[in-house]
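To start, the structure under review is shown below, and the notes come after it.
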Amino acid sequence: MSSGTVATSDVKQETQKLLRAAALNIVVLIEHTNKFEGVEGTAAGFSGPSFKKTIDELAGAIDKEVTRFMIACKPPALDVEIKALCPKINAGFFQLVQQFDHIPKLAGKTYLESVRKAVSRSLVSIVMLFNSFIDDKVEVDKCVVADLAYTASSGIFWEHCKALSQIPADNKAAVSSEWMASVSGLIKDATEELCDSLNEAESQGNGNDDDNDSYSDDDSMNEFDPDISADRVADGKKIQKMVLLAKHTCDKIGLRCIRDCSTLDDERTIWLDRLVDLGKPVQNAVDDLIATLFIEDDAEWKKQSAVETEKLVNLLGELVTLAITFVDDSHLPWFELCRKQLDATKHSSNVAR
């Protein structure tokens with residue numbers, strides 16, 4: 001299947017009206033999908049793997065019909081074939097949303113959002129594909145369209161139809177993916193960047209600044225790669241210890257709380273979602289703490305670094321307390337030690353002030 005730009009079509013006006021009506025039906029499904037909050041009640045009767053298998057089969061069936069549709073729309077357009085395929089494509093997406101409507105709220109917020117994103121994107125993609133062949137185009141919510149990263153409408157459809165077959169099997173898988181993408185992965189990147197910046201600042205403080213010569217002709221680099229002054233290296237290393245503690249804690253949670261969660265009952269499903277909810281602010285706090293090292297005014301940076309350190313300590317404390325709720329007993333000593341270290345850091349900060 002080609003994922004290039006859709007060729008100019010000569011679809012008749014009568015057929016275009018049918019395409020527009022089909023697109024409007026899909027828009028209704030998009031609105032419904034974005035409002036759906038999950039079925040109330042227990043998740044006991046819901047099977048993520050079975051749901052995933054059904055979605056895989058539906059996505060494959062829709063893929064085949066849309067492939068035939070694309071071929072029919074190429075000049076000279078086969079209007080009879082297009083008219084026959086439109087109801088089938090609509091029916092396929094209607095069944096897709098029907099399956100989505102079976103997901104219980106207690107299957108997990110992160111899981112529900114992951115599936116919603118995949119379904120919503122595939123729906124938007126088919127509307128954009130239909131719009132490629134009609135003059136009176138159907139409008140889709142700009143916020144929803146802005147979330148799409150592709151511009152070629154046929155390419156959008158193939159990519160997001162493929163995404164339907166890659167939805168997580170359950171909330172544990174969804175949380176694991178989200179944790180790596182939005183928490184531990186970003187903290188890892190921030191830790192490495194801080195280490196590089198501190199090493200560079202320390203090297204400059206020792207008079208080893210030869211490496212900077214290659215960048216001397218590019219003043220714009222300073223806008224994207226600010227330097228830590230040499231006299232802040234010692235304080236920067238204290239901040240680095242705090243950032244490393246955040247990294248180790250989030251890595252540990254990713255392994256021992258999320259990956260090793262063997263039972264996915266309603267309580268643990270909610271627990272996993274809450275880990276993500278509390279983990280994201282920790283990641284933001286890490287970035288905010290590191291950013292204080294680049295504040296030029298000394299008085300302001302000392303004040304702000306104290307504020308951001310306290311914020312990170314408090315957020316980590318809440319996250320660790322939550323992690324302890326269901327973590328296996330064999331890992332409790334590590335988290336208890338971490339909590340004591342956070343309490344000691346908080347105490348020393350209060351004494352310093």
Side-chain angles (χ1 to χ4, degrees), residues 25-62 90-126 141 143-144 147 160-183 253-254 256-281 318-319 322-328:
N25 287 336
I26 298 295
V27 168
V28 173
L29 295 179
I30 293 171
E31 293 172 352
H32 170 80
T33 300
N34 290 332
K35 291 177 181 177
F36 181 71
E37 295 181 356
V39 178
E40 296 291 346
T42 181
F46 178 78
S47 169
S50 296
F51 176 84
K52 179 175 170 58
K53 181 181 178 182
T54 300
I55 295 299
D56 286 349
E57 293 171 352
L58 269 174
I62 293 171
N90 264 136
F93 280 103
F94 182 76
Q95 289 178 52
L96 180 66
V97 175
Q98 274 189 319
Q99 291 300 320
F100 175 67
D101 282 351
H102 290 157
I103 300 177
K105 185 177 291 186
L106 286 175
K109 180 180 66 176
T110 311
Y111 174 77
L112 180 63
E113 286 303 316
S114 297
V115 180
R116 185 201 312 280
K117 184 178 289 186
V119 172
S120 181
R121 284 181 171 180
S122 66
L123 291 169
V124 172
S125 299
I126 196 63
D141 190 316
C143 293
V144 177
D147 191 46
H160 294 311
C161 192
K162 179 182 176 183
L164 286 172
S165 66
Q166 298 173 341
I167 61 174
D170 52 31
N171 199 49
K172 174 183 169 181
V175 166
S176 180
S177 177
E178 184 69 12
W179 187 263
M180 177 57 67
S182 301
V183 184
I253 289 172
R256 304 309 178 196
C257 297
I258 300 172
R259 190 198 68 179
D260 292 352
C261 180
S262 57
T263 304
L264 202 59
D265 54 21
D266 292 350
E267 286 185 319
R268 284 173 176 78
T269 293
I270 295 171
W271 174 60
L272 290 175
D273 283 333
R274 286 291 295 150
L275 287 173
V276 174
D277 290 341
L278 295 187
K280 289 180 179 179
E318 292 176 11
L319 182 60
L322 178 66
I324 288 172
T325 308
F326 287 116
V327 73
D328 187 87

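Sequence positions, counted from 1, serve as the residue numbers for this chain.
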Nearest-0.5 Å distance that lies between atom SG in Cys257 and atom CG in Leu322: 8.0 Å
Taking the side chain as C-beta and beyond, is there a heavy-atom pair between Ile253 and Trp179 under 4.5 Å? yes
Between Ile103 and Val115, is any pair of side-chain heavy atoms under 4.5 Å apart? yes
Taking the side chain as C-beta and beyond, is there a heavy-atom pair between Leu58 and Phe93 under 4.5 Å? no
So among Val119, Asp56, Ile55, which one has a side chain to side chain contact (heavy atoms under 4.5 Å, CB included) with Ile167? Ile55
Hey, does the side chain of Arg256 reach the backbone of Ala323 with a donor-acceptor pair shorter than 3.5 angstrom? no
Is the count of non-hydrogen atoms from other residues, nucleotides or ligands lying under 6.0 Å from Gln166 atom CD greater than 12? yes
Keeping Ser125 on the side-chain end and Arg121 on the backbone end, is there a donor-acceptor pair under 3.5 Å? yes
Do Ile126 and Ile62 come within less than 4.5 Å of each other through their side chains, counting heavy atoms only? no
I want to check something: taking the side chain as every heavy atom from C-beta on, are Leu123 and Val97 in contact at a cut-off of under 4.5 Å? yes
Between the main-chain N or O of Ala174 and the side-chain N or O of Ser177, is there a donor-acceptor pair closer than 3.5 Å? no
Say you draw a straight line from CG of Leu29 to CG of Asn34; how long is it, rounded to the nearest 0.5 Å? 11.0 Å
Can you list everything that forms a ring-ring contact (aromatic ring centres under 6.0 Å, His included) with Phe326? Sequence neighbours excluded, please. Trp271
Rounding to 0.5 Å, atoms CD (Gln95) and OG1 (Thr54) come to a distance of 10.5 Å
For Asp273 and Gly108, indicate whether the former's side chain and the latter's backbone hold a donor-acceptor pair under 3.5 Å. no
Which heavy atom in Asp170 sits nearest to a heavy atom in Ala173, and how many Å separate them? OD1-N, 2.9 Å
Taking the side chain as every heavy atom from C-beta outward, state whether Glu31 and Val27 have any atom pair closer than 4.5 Å. yes
With no hydrogens and no angle check, is any side-chain donor or acceptor of Lys172 less than 3.5 Å from a backbone partner on Leu264? no
side-chain contact (heavy atoms from CB on, under 4.5 Å), that's the test. Do Lys105 and Val39 meet it? Break it down for me. CA-CA 5 Å; Lys105 185 177 291 186; Val39 178; over 6 Å; no
One should read off an interatomic distance between Asn171 CG and Leu272 CG, to the nearest 0.5 angstrom, of 6.0 Å
How close do Glu318 and Leu278 get, heavy atom to heavy atom, and via which atoms? O-CD1, 3.8 Å
Output yes when Arg268 and Asp265 qualify as a salt bridge under the 4.0 Å nitrogen-oxygen rule, no when they do not. yes
Give the ring-plane orientation class for Phe46 versus Phe51, where under 30° counts as parallel, over 60° as perpendicular and anything between as tilted. tilted
Which atom of Gly254 lies closest to which atom of Ile258, heavy atoms considered: O-CB, 3.5 Å
Measuring from atom CD1 of Ile324 to atom CG of Leu319, what distance do you get when rounded to the nearest 0.5 angstrom? 10.0 Å
With a 4.5 Å limit on heavy-atom distance, are the side chains of Lys109 and Val276 in contact? no
Where do Lys52 and Ala169 come nearest, in terms of heavy atoms and distance? CD-CA, 4.3 Å
Evaluate the side-chain proximity of His32 to Asp101: yes if any heavy-atom separation is below 4.5 Å, no if none is. yes
Spacing of Glu40 atom CD and Leu106 atom CG [to the nearest 0.5 Å]: 8.0 Å
If only atom types and distance count, is the side chain of Arg116 paired as donor or acceptor with the main-chain N or O of Thr33 below 3.5 Å? yes
